[in-house]
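Lettering of chains follows the sequences in order, A, B, ..., and the numbering in each one begins at 1.
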Amino acid sequence: MEFVDESSIEKHREKIRHSTAHIMADVVTKIYPKTKLAIGPPTKDGFYYDFQVETPITDESLEKIETEMIKVMKQDLKFEYTEYSRSEILDMHKDEPFKLDVIKDIAEDVPISTYKHGDFEDLCGGPHVESTGMIPAFKLLSVAGAYWRGKEDQPMLQRIYGTAFESNEALDEHLKKIEEANRRDHRNLAKQLDLFSYQDELGPGLIIWHPKGSKLRSTIEDFWKKEHIRYNYDLIYTPHIGKSTLWETSGHLDFYKENMYPVMDLDGQEYYLKPMNCPFHIMYYRNDIRSYRDLPIRIGELGSVYRNERAGVLHGLLRVRGMTQDDAHIFCRPDQIEDEINKVLDLTFHLMKTFGFENFEIMLSTKPEKSVGEIARWDLAIESLKNTLISRGLTYQIDEGGGAFYGPKIDINIEDAIGRLWQCTTVQFDFNLPERFGLNYIGEDGNAHQPYMIHRALLGSLERFIGVLTEHYGGAFPLWLSPIQVSIIPIADRHIDYANNLASKLGASEFRVDVNTKKERMNAKIRSAQMSKIPYMLIIGDKEVESNNISIRHRSGEDLGVMPFDDLLNKLHLDRDLLK
RNA sequence: GCCCGCAUAGCUCAGUGGUAGAGCGCGUUCUUGGUAAGAACGAGGUCAGCAGUUCAACUCUGCUUGUGGGCUCCA
């Protein structure tokens, strides 16, 4: 079978996957007779089917289910389409509560159909492949829990995930992609590269940054600060706790309390650990009378915040309880909004491209039903966001009603080396806090006006960003980010002095250098540097000492030859500073 | 928070109702070597924690904690 374009292969896969889900449901209902069926749609990468079963389905059961599915496929049963009247359908499904729920949502005048193969008939609009024999390649992947209709107050169902493809080759390719993603998992790489850890005794979602991870992080922080100063931000520092009155004014105690750590009592005053930086930046803004001439004011901080994330959502660096946001709040006049958004986007793309991200997906979220702030402000803000995106020629999707209650926002997802999207950047208007804190500036007319407030985090949080960055590079960071940039490998002990001397000369140019003086053979030292993904290895033996040269090897395996120190330094500078 | 797994040495993992194993790493000794692992010896574990069943629990049961895959939520 050949496919002329992407969309036709996608449609074909949908049919295969949907059909595979039916076959799986067929088998599951036979192995677990009291199963109630929920829904089983195709997804971007495969399919799933949700069941309510009496005994939990385990990973071991998957094999059995697969085996039975293959039998059904071998029988090559036709998928037969039938339309029913509403009363027939309701009667057929009287013992299937979830199906009844689905039927309720189907409009009265629409015909209701099923697809049947063998003796298994499932409520379904199709389409399907012609028969069960037309599933070229499939695999069941995992079992998971899932709420009915994705709502927490609904029953918890058992979900089986699987995937199916038009050929074994395509399936293999997909499985390899999953493997590749696992190979890049930042949690494993963090152990291998000794970047960070989290430990039982500490508490979940709290990160200990090891020296190498800290080096990576501070390199990012230094770069971030330098660029923010260049883009005319004022960087400040604020405390980690604040009095309850602050959080009452900000509204966090009303709307965000369940995410905040419990109250601390001190001298009869209540304090809270901060879940966000905004109120502190506002404290700075409000510390002085502001003129329209002062605006825009851009206040930035690498602000550490603590949030009581629900235990089940924690995940490595990507979801933690203590994190540092690359936060900033911009206070500006209405006529400055568009320019400010433009500048934020300039800075975002500049940072992201420097970190090696080239492709982005942009979401614009508009006013939800429940919201604060005048309509005119919402309209102006949304228009400004749109105009800026359009004038830059950026394509974006609109999430209608997806904004926060306090303002519209742009989220930017970055695409990593293996095509996955990660949400890092968020640019949000806030009509709530300026109102609550009574922020103002004195306008040209001598009257007080409320400033626009834009909240933005570009990397998101350093934790998440470093997690993403680690997976993007598979741990092989570019030179400027590598915790150790150069490993010097003396072949024998008599070369150590030369190696140390070389290390201090490179150190003088601010390269991060390690001299491997272990009692190992050169090959073992190379291997060790290789496993640590150190970009450059400098081999020092008799030949180098005699000729006053250095032998260079790159972690790619390439032998870069022998050169004098000045050439080496130029080469490293070029890689670190110009190719960055 | 909810569903289902998992928890054995610093790391990756075997293992049995009758008081614990490998590889890597670490230490010592020998070896001083040319681009991905030189060799020998040695140290290292209340088998996550607490309770229960049992003559006997690392192994079975329950709870707790942590963690993995998801759901929900989110930087």
Undergrad: Looking at every strand, decide which applies to A/V320 at a 4.0 Å heavy-atom threshold: base, sugar-phosphate, or nothing.
TA: base

Undergrad: When you check the phosphate oxygens OP1 and OP2 of B/rA36, does a side-chain N or O of A/R555 lie under 4.0 Å from one of them?
TA: no

Undergrad: Relative to each other, are the rings of A/Y536 and A/H554 parallel, tilted or perpendicular (30° and 60° limits)?
TA: perpendicular

Undergrad: Any N or O donor-acceptor pair linking the side chain of A/D493 to the base of B/rU32 at under 3.5 Å?
TA: yes

Undergrad: Is the distance from the ring center of A/Y406 to that of A/F431 below 6.0 Å?
TA: no

Undergrad: Given atom CD1 of A/I526 and atom P of B/rU32, what is their separation to the nearest angstrom?
TA: 19 Å

Undergrad: Give a yes/no on whether any side-chain N or O of A/Y198 is located under 4.0 angstrom from OP1 or OP2 of B/rG68.
TA: yes

Undergrad: Separation of A/N277 atom CG from B/rA75 atom P, in whole Å?
TA: 13 Å

Undergrad: Does B/rG38 have OP1 or OP2 sitting under 4.0 Å from an N or O in the side chain of A/K519?
TA: no

Undergrad: Just N and O in the side chain of A/R494: are any of them under 4.0 Å from OP1 or OP2 of B/rG33?
TA: yes

Undergrad: Are any of A/R187's side-chain N or O atoms less than 4.0 Å away from OP1 or OP2 of B/rG69?
TA: yes

Undergrad: Give me the distances for all protein-to-nucleotides 70-74 of chain B N/O pairs that come in under 3.5 Å?
TA:
from	atom 1	to	atom 2	distance (Å)
B/rG70	O3'	A/Y161	OH	3.2
B/rG70	O2'	A/G145	O	3.4
B/rG70	N3	A/G145	O	3.3
B/rC71	O4'	A/G145	O	3.2
B/rC71	O2'	A/Y147	N	3.1
B/rU72	O2'	A/E152	OE2	3.0
B/rU72	O2	A/R310	NH1	3.1
B/rC73	O2	A/R319	NH1	2.8
B/rC73	O2	A/R319	NH2	2.4
B/rC73	N3	A/R319	NH1	2.9
B/rC74	O2	A/R464	NH2	3.0

Undergrad: Could you tell me how the ring of A/H329 sits relative to the ring of A/H455: parallel (under 30°), tilted (30 to 60°) or perpendicular (over 60°)?
TA: perpendicular

